[in-house]
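Below is one structure, written out as structure tokens; the observations come after it.
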Amino acid sequence: MSTVFALVDCNNFYASCERVFAPSLQGKPIVVLSNNDGCVIARSAEAKAAGVPMGAPAFKCRDLFARRGVTVFSSNYALYGDMSARVMSVLTRMAPRLEVYSIDEAFLDLTGLPGGADAHARHIKETVGRWTGIPVSVGIGPTKTLAKLANRAAKKRPACGGVLDFSALPDPEALLESVPVADVWGIGRRHGEKLAKYGVANALQFRDLPQVFVRRHMTVQGVHTLLELRGFSCIDLEKAPPPPRTLMSSRSFGKAVTTLEPLSEAVADYIARAAARLRAKRLVAGGLEVYVRTYADASGRPPSSDIAAAAPQSPTAHTATLIALAQAALAGIFRPGQRYKKAGVILTGLEPESGRQLSLLDPEPANAARDARLMATLDAINAKWGRDTLRCAAQGASVTGQSWAMRQNMRSPRYTTDWAELPVVTAG
DNA sequence: TCTGGGGTCCTAGGACCC
DNA sequence: TCTGGGGTCCTAGGACCC
């Protein structure tokens, strides 16, 4: 029997998370901004109706926000991550196989469920809503790509109550014809532009292209998308995601940085964050990259980027070792007089820490055990008392006072992950 | 004043080896 | 008077996703 895929996607996820804890905003327009309060990354249905564009720079929307009474939130990833875990935990109980695809989406295997996929999907939608407060839509299809398309249609057609099964459509080709080709999962804007030159505007036209044409212009991944649109499943559910190959931490600054010292501090801070995530996944890094990016300057010269790589003597998750390497790399690419907008670090060459401890050919440095104990202690203290309780001096003295800190002026409380910010329920 | 952050995969091309 | 064939590894760049 062929697989029945479902895609469960949270509606306007970040905006919905904010509204769970601010019920007075139900039915009101709200938006969530990216880091640095830069651009709009989530909108409630009412904000969409008010004409707030996705991805719009926040400073260009101030008038519209004021005129239409839009409530604005800085992004609060601690809250969204926790709400996501709650949604996924409910979904885990409701399907035999599940792949968490992103913070707000999961693919489910609904093959052979009693009562049929559609009824089960409606039960899932209702349960997630009741237990978490987050509204979801469910798309069902014989391939992941078609389940994605069905989900998109479920959101656009109020009549279907948030659930749509591609296989049950009376006229599936009409749906394919209504979808711009660039909106198909795996095609994207650039390929969409190229396809338009060949007269391919929608998903139906793409589906009927010759396979060799697609292979030539879009590699094997394009062929997978083509076959999936035709109903042949090529992209399976991934139950246990493979370990990450890289870990990245980067931020834009609140304002331009022009000297090495604050840049160095920021890089140390990003390393500390990335290294903590590395240890949480029981991995070590065999290398790292540091990059910086400048503003476009007044004369119209475009922004420029510089990148430098470094590697420890042996793979490690020791924060101080990685910071020293990253700062030395940074010093090599820093140029006085530049106005820097952003910096980032990427940890590369990741491998399991356990593999290393068993290696006889490549003995650990003498102080590796001591380093590991120090990091374990640091992680335990920060887990108990908050992420920035124990820090390296290189990260700068204060958590909030750095000249490079990002802007975040409208963040909601960390309702679910910080004791000091629990919501208060008032009787009466 | 001036648009986020964190990932993956595929391919082409060069270095190097036999 | 003019440079094989085949393989591996690495990197850069381009595309995609959320």
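Lettering of chains follows the sequences in order, A, B, ..., and the numbering in each one begins at 1.
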So what does [X] touch, heavy atoms closer than 4.0 Å: a base, only the sugar-phosphate, or nothing?
X: K341(A); value: sugar-phosphate
X: I187(A); value: sugar-phosphate
X: K255(A); value: nothing
X: G188(A); value: sugar-phosphate
X: V184(A); value: sugar-phosphate

Would you kindly give the [atom1]-to-[atom2] distance between [X] and [N], to the nearest whole Å?
X: R273(A); N: dG5(B); atom1: CZ; atom2: P; answer: 11 Å
X: F253(A); N: dT3(B); atom1: CZ; atom2: P; answer: 13 Å
X: L7(A); N: dC17(C); atom1: CG; atom2: C1'; answer: 13 Å
X: R189(A); N: dC17(C); atom1: CZ; atom2: P; answer: 10 Å
X: R411(A); N: dG4(B); atom1: CZ; atom2: C1'; answer: 17 Å

Check every atom of [options] against the side chain of [X] and return the nucleotide holding the closest atom.
X: R190(A); options: dT3(B), dG4(B), dA15(C); value: dA15(C)
X: K148(A); options: dG4(B), dC2(B), dC18(C); value: dC18(C)
X: W185(A); options: dC18(C), dG4(B), dC16(C); value: dC18(C)

(message) Below 4.0 angstrom, which residues in residues 100-110 of chain A have at least one non-hydrogen atom near DNA chain C?
(response) Y101(A), S102(A), D104(A), E105(A)
Between the side chains of [Y] and [X], is the shortest nitrogen-to-carboxylate-oxygen separation below 4.0 Å, so that they form an ion pair?
X: R122(A); Y: D118(A); answer: yes
X: E228(A); Y: K148(A); answer: no
X: R130(A); Y: E126(A); answer: yes
X: K197(A); Y: E193(A); answer: no
X: R279(A); Y: E353(A); answer: no
X: D9(A); Y: K155(A); answer: yes

(message) Ring-plane angle category for W185(A) and F107(A), please: parallel below 30°, perpendicular beyond 60°, tilted otherwise.
(response) tilted
(message) Check the orientation of H217(A) and F213(A). Use parallel for under 30°, tilted for 30 to 60°, and perpendicular for over 60°.
(response) tilted
(message) Please compare Y295(A) and N35(A) by the position of their nearest nucleotide in DNA chain B and report the one closer to 5'.
(response) Y295(A)
(request) List the protein contact pattern of nucleotides 6-14 of chain B with one symbol per nucleotide (5' to 3'): B for base contact, S for sugar-phosphate-only contact, - for none; contact means a heavy-atom distance under 4.0 Å. (result) SSSSSS---
(request) Provide the closest heavy-atom pair for L7(A) versus N151(A) in the form atom of the first, atom of the second, distance. (result) O-ND2, 2.8 Å
(request) To the nearest 0.5 Å, tell me how far E99(A) CD sits from I235(A) CD1. (result) 10.0 Å
(request) To the nearest 0.5 angstrom, please state how far the CG atom of L110(A) sits from the CZ atom of R97(A). (result) 11.0 Å
(request) For DNA chain C, just give me the dot-bracket, please: Watson-Crick or G-U, both distances below 3.5 Å, ( ) intra-strand, [ ] crossing earlier pairs, | paired with another strand, . unpaired. (result) ....||||||||||||||
(message) Side chains of S304(A) and R335(A) only: does a donor on one sit below 3.5 Å from an acceptor on the other?
(response) yes
(message) If I pick the C1' atom on dC16(B) and the same atom on dG4(C), what distance separates them, to the nearest angstrom?
(response) 16 Å
